[in-house]
Amino acid sequence: MTFRRGFLYGTAAGLTAALAIALIAFLVTDPAPAASAGQQPARPAAAQPAGAGLPVGIDVKARHRGNLKVTVTARASTKTYDPLSRASVVMYADMVAMPMAHRLGPIPMTEVAGKPGHYTAEAQVPMVGEYDIQVSVQRPLPGEAHTRVEVGAG
Ligand SMILES: [Cu+2]
């Protein structure tokens with residue numbers, strides 16, 4: 001009797017968890033509804049990367065170091081390709097499949113000694129998955145760039 005009751009509770013809990021996971025998966029993966037697509041004006045220049053046109057050019061690289069640690073390096077330069085030294089630079093990490101669910105940042109990036117215009121930071125992400133890494137230069141001039149990094153197990 002107790003076994004049967006436990007089994008039933010276990011099954012019910014399992015089904016509830018499965019439903020919750022299915023619901024989350026549905027909410028997360030559901031693309032923009034086709035119905036509303038026709039009502040919105042065409043998006044302007046979707047191919048233009050974020051930060052294009054801003055005064056600071058940024059080249060971002062991100063690597064998974066293991067144990068959910070991601071090292072981000074960014075090279076900031078002016079319009080005339082001079083390294084942008086002593087800038088205020090931050091980074092953000094957001095999981096691509098779960099936008100804004102556990103976004104990290106702003107994390108300050110520090111300039112690498114002896115390498116003007118090179119900035120680095122380390123982020124500890126909470127789970128395995130693909131992450132969008134955003135680097136923003138705030139001062140003395142604005143700039144923004146993104147890259148993606150796959151964070152695997154191990
Ligand atoms: Cu996540």
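In each ligand, atom 1 is the first atom listed, and ligand 1 is the first ligand listed.
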> With the 4.5 Å side-chain cut-off for hydrophobic clustering, are Leu141 and Leu54 part of the same group?
Replying inline: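 Different clusters: Leu141 never reaches Leu54 through Ile, Leu, Val, Met, Phe, Trp or Tyr contacts under 4.5 Å.
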> Roughly how far, to the nearest 0.5 Å, is CG of Leu68 from CD of Gln124?
Replying inline: 6.0 Å
>> If I compare all heavy atoms of His64 with all of Asn67, which pair ends up nearest, and what's the gap?
In response: NE2-N, 3.9 Å
> Given the rule that I, L, V, M, F, W and Y join up when any side-chain heavy atoms are under 4.5 Å apart, are Val112 and Met109 in one cluster?
Replying inline: no
>> Quick check for you: within a radius under 2.8 Å, how many protein N, O or S atoms neighbour the Cu ion (ligand 1)?
In response: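 Count of protein N, O, S atoms less than 2.8 Å from the Cu ion (ligand 1): 4.
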Which atom pairs, one a donor and one an acceptor, fall under 3.5 Å between side chains of residues 93-105 and the rest of the protein, sequence neighbours left out?
{"unit_1": "Asp94", "atom_1": "OD1", "unit_2": "Met100", "atom_2": "N", "d": "3.1"}
{"unit_1": "Asp94", "atom_1": "OD2", "unit_2": "Met100", "atom_2": "N", "d": "3.1"}
{"unit_1": "Arg103", "atom_1": "NH2", "unit_2": "Gln134", "atom_2": "OE1", "d": "3.3"}

>> Quick check: do Val90 and Ile107 have side-chain heavy atoms less than 4.5 Å from each other?
In response: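 Not in contact.
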